[in-house]
Amino acid sequence: MLYDYLIVGAGLFGAVFAKEAKNRGKRCLLIEKRSHIGGNVYTEAIEGINIHKYGAHIFHTNNKPVWEYVNQFVEFNNYINSPIAFYKDELYNLPFNMNTFSKLWGIRTPMEAKQKIQEQIQASGDSEPRNLEEQAIRLIGQDLYEKLVKGYTEKQWGHLCTELPPFIIKRLPVRYTYDNNYFNDRYQGIPIGGYTKLIEKLLDGIEVRLNTDYLLQRDTFDAWADKIVFTGPIDAYYKYACGDLEYRSLRFETEVLDMENYQGNAVVNYTEKEIPYTRIIEHKHFEFGTQPKTVVTKEYPMQWQRGDEPYYTVNDERNTQIYNAYKKLADKEKRVIFGGRLGSYKYYDMDKVIEAALAASINI
Ligand SMILES: Cc1cc2nc3c(=O)[nH]c(=O)nc-3n(C[C@H](O)[C@H](O)[C@H](O)COP(=O)(O)OP(=O)(O)OC[C@H]3O[C@@H](n4cnc5c(N)ncnc54)[C@H](O)[C@@H]3O)c2cc1C
C-alpha cells in the first residue's frame with residue numbers, strides 16, 4: 001500500500017487527523033473535492049479582508065487543551081461576538097440581556113426585567129407546548145419571541161413556528177447583566193490571518209490533492225491506503241442505500257462596498273420575516289480591519305436538495321432513524337473511520353470537531 005491513511009476532506013476534522021497521523025509516523029494522502037482546503041471554515045482575502053466564505057465562524061471553547069492546540073499553529077485575536085438584531089428599524093443587543101430588555105421596555109434593573117418576563121410567561125398558561133411558538137413564549141415571553149425569535153426562526157427553517165416541533169428550542173438563554181458577549185465560553189477569538197492559515201499550518205508537509213472527489217474514483221483510492229478517514233456525507237458513502245439525509249442550505253450574497261464601515265458590527269441579525277435574509281456579516285470587523293473598503297455578505301436560508309451545499313443537519317425523528325441505519329453499517333467497517341459534521345450527521349462547533357479528530361487519532 002502506498003499510504004497508511006487516505007483522508008477524504010480537507011476540513012478541520014481531516015486536517016487535524018492528518019496532522020496527528022503524520023506526527024505518529026503514518027503516511028497520509030488527503031483528498032478534497034473542492035478547489036481549496038479548509039472545508040467550511042475556509043477564508044479568502046478580498047480587498048485585504050478575510051472573508052468567511054461559508055458563513056461567519058467564531059472560535060469559542062471551554063476546552064483548554066483544544067484552545068492550546070490551535071494556538072500552537074496560529075495566534076487568535078481578542079474578538080468577542082456581540083451580535084445585534086435589527087427588527088422594524090430598531091436595533092437590539094443579543095444575546096437577550098439587560099441591554100435588550102432596557103431597549104425593549106425602557107427598564108433599568110434586573111428585577112424589573114425578571115418581573116416583565118415572568119408576567120408574560122405566566123400569561124401564556126401552563127399547558128404542554130404543542131409547537132415551537134408555544135415553547136418559545138413559555139421560555140421568554142411574548143415580546144422577545146415576537147420581535148427577536150419568530151421571523152428569524154421561520155426564515156431559518158422555512159416553516160411557521162406554529163408548524164415546527166417544540167423540541168427545536170430547548171433553551172433560550174436570558175442574561176440579567178449588561179453583557180453582550182454571545183458566548184459563555186472561557187476562550188474566544190478569530191485566527192489572525194484567517195482560518196485558512198490555521199488549516200495550512202495543520203497540513204504542512206502532508207500530500208494534498210484538490211479537485212478530487214473520492215466517490216468518483218473510490219476503487220482506485222481504496223487500493224492505495226490501508227485505512228480511510230471519510231468526512232463527507234455518510235449517506236453518499238453508502239450510495240443512499242438507507243435513504244437521503246436532509247439538510248438546510250444557505251445562499252450567500254457577497255458585495256464589496258466603497259466605504260470604510262457599513263454596519264459597525266461583524267454580525268447583524270435581521271429578525272423580521274419581511275426581510276428575506278437572516279444576517280449581514282461585515283467581515284472586516286472580525287479582525288478589527290481598517291481597510292478603505294468593506295465586504296458584506298447577506299445570508300439567505302435555503303431549502304436543500306441533493307447537490308446543494310449541506311449546511312445544517314435536520315435532526316428530527318426521520319433523519320435520526322436514517323442516520324442510525326448508516327451508523328450500524330459504519331460500526332461494522334474495519335478500515336473506514338467516519339468523522340466530522342457530515343460523517344457523523346451532527347452539528348458540531350469547531351472546538352468539538354477538533355476534540356473528536358484528536359480522539360479519533362489517539363490510538364492509531
Ligand atoms: C453557517 C455556519 C456557521 C458556523 N459557525 C460556527 C461558529 O461560529 N463557531 C463554530 O465553532 N462552528 C461554527 N460552525 C461549524 C463549523 O463549520 C464546523 O464545526 C466545521 O466546519 C466542521 O468541519 P468538518 O471537517 O467536519 O467539515 P467540513 O468543513 O464540511 O469539511 C468536510 C470536507 O470534505 C469535503 N468532501 C466531502 N465529500 C467529499 C468527497 N466525496 N471527496 C472529497 N472531499 C469531500 C468537503 O468538500 C469539505 O471540504 C458553523 C457552521 C455553519 C454551517
Side-chain angles (χ1 to χ4, degrees), residues 6-19 29-43 52-63 66-67 70 76 79-81 83 156 182-183 185 187-191 195-196 198-199 202-203 208-218 220-222 228-239 247-252 266-267 278-279 281 286 297 299-302 304 306-314 336-357 360:
L6 171 77
I7 297 152
V8 180
L12 259 181
F13 191 98
V16 169
F17 190 97
K19 169 83 192 162
L29 171 66
L30 189 146
I31 60 174
E32 167 56 57
K33 70 176 181 184
R34 292 179 181 166
S35 58
H36 59 75
I37 58 169
N40 278 8
V41 306
Y42 174 68
T43 48
H52 298 207
K53 184 91 187 278
Y54 301 91
H57 278 75
I58 299 110
F59 197 94
H60 59 96
T61 189
N62 261 329
N63 185 326
V66 165
W67 179 245
V70 288
F76 279 71
Y79 175 81
I80 297 287
N81 196 33
Q156 202 163 27
Y182 195 76
F183 299 113
D185 286 343
Y187 309 101
Q188 184 172 174
I190 304 282
Y195 288 93
T196 304
L198 166 64
I199 305 285
L202 286 164
L203 294 180
V208 177
R209 294 193 188 184
L210 298 175
N211 302 304
T212 306
D213 188 333
Y214 168 77
L215 297 174
L216 298 179
Q217 303 169 63
R218 62 203 285 174
T220 311
F221 287 120
D222 285 352
I228 292 154
V229 175
F230 187 78
T231 73
I234 192 165
D235 56 351
Y237 181 90
Y238 287 112
K239 303 190 174 125
Y247 296 87
R248 283 291 286 166
S249 198
L250 290 171
R251 180 169 67 82
F252 298 107
V267 183
T278 43
R279 309 200 286 185
I281 305 301
F286 286 124
T297 300
E299 268 181 37
Y300 296 82
M302 251 179 51
W304 176 88
R306 215 195 266 185
D308 293 338
E309 208 53 73
Y311 282 97
Y312 297 107
T313 55
V314 183
V336 189
I337 299 171
F338 292 88
R341 63 185 195 102
L342 300 168
S344 325
Y345 192 66
K346 180 175 175 179
Y347 179 85
Y348 256 138
D349 272 328
M350 291 180 276
D351 61 328
K352 298 288 186 299
V353 168
I354 294 169
E355 204 179 308

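Counting starts at 1 for both ligands and their atoms, in listed order. FYI, side chains are in, hydrogens and waters are out, and symmetry mates aren't considered; it's all heavy atoms of this structure. Quick note: residue numbers are just sequence positions, from 1. It should be emphasised that the depicted structure is a prediction, and the values quoted were computed from it without experimental measurement.
- The closest approach between any non-hydrogen atom of Y347 and ligand 1 is below 4.0 Å.
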Determine, step by step, whether I190 and Y195 satisfy the side-chain contact (heavy atoms from CB on, under 4.5 Å) criterion, reporting the C-alpha distance in whole Å, the side-chain angles of both residues, the deciding distance to 0.1 Å, and the verdict.
CA-CA 8 Å; I190 304 282; Y195 288 93; 3.9 Å; yes
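- Where the criterion is an N or O separation shorter than 3.5 Å, residue side chain and backbone included, M350 meets it with respect to ligand 1.
- Between A15 and I199, the shortest heavy-atom distance links the atoms CB-CG2, 4.1 Å.
- The closest protein non-hydrogen atom to atom 37 (C) of ligand 1 is G232 CA, 3.5 Å.
- When only interatomic distances are considered, the shortest N/O to N/O separation between F252 and ligand 1 does not fall below 3.5 Å.
- The closest approach between a heavy atom of F59 and any atom of ligand 1 is not below 4.0 Å.
- Considering backbone and side-chain atoms together, G55 places no N or O closer than 3.5 Å to any N or O of ligand 1.
- Checking I58, T313, N81 against atom 9 (N) of ligand 1, the nearest heavy atom belongs to I58.
- Residue contacts with ligand 1, taken as heavy atom pairs separated by less than 4.0 Å, involve L250 solely via side-chain atoms from C-beta onward.
- When every heavy atom of F286 is checked against every heavy atom of A56, the shortest pair comes out as CZ-CB, 3.6 Å.
- The proximity of V353 to ligand 1, defined as any non-hydrogen pair under 4.0 Å, is limited to the side chain.
- Taking only nitrogen or oxygen atoms, main chain and side chain alike, Y311 does not reach within less than 3.5 Å of ligand 1.
- With Y311 as the fixed residue, the ring pair (Phe, Tyr, Trp, His ring centres under 6.0 Å) test singles out one of Y300, F252, W304: F252.
- For ligand 1, the polar-atom distance check finds no N/O of Y54 at less than 3.5 Å from any of the ligand's N/O atoms.
- When all heavy atoms of A236 and L215 are compared, the closest pair comes out as CB-CD1, 3.7 Å.
- What you find for G339 and S344 is that their closest heavy atoms are C-OG, 4.0 Å.
- Between K33 and ligand 1, an N or O atom pair is found at a separation short of 3.5 Å.
- Across the listed options H57, K352, R341, R341 owns the non-hydrogen atom lying nearest to atom 27 (O) of ligand 1.
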Show your working on side-chain contact (heavy atoms from CB on, under 4.5 Å) between Y182 and Q188 and close with a plain yes or no.
CA-CA 10 Å; Y182 195 76; Q188 184 172 174; 5.8 Å; no
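- Around atom 40 (C) of ligand 1, the closest heavy atom drawn from D213, T212, N211, D185 belongs to D213.
- In terms of polar-atom proximity, D349 is counted as a contact of ligand 1, with an N or O under 3.5 Å from an N or O of the ligand.
- The nearest protein atom to atom 1 (C) of ligand 1, hydrogens excluded, is given as Y312 OH, 3.2 Å; this is a heavy-atom distance.
- D185 and Y187 share no donor-acceptor pair across their side chains, judged by distance under 3.5 Å alone.
- Contacts between A56 and ligand 1, counted as non-hydrogen atom pairs separated by less than 4.0 Å, involve the backbone only.
- For the salt bridge (charged side-chain N to carboxylate O under 4.0 Å, His left out) with E309, the qualifying choice from R251, R248, K53, R34 is R34, the only one to do so.
- Considering L215, N40, I37 only, the shortest heavy-atom separation from atom 29 (O) of ligand 1 involves N40.
- Taking only non-hydrogen atoms, the option from G339, G11, A356 nearest to atom 31 (O) of ligand 1 is G11.
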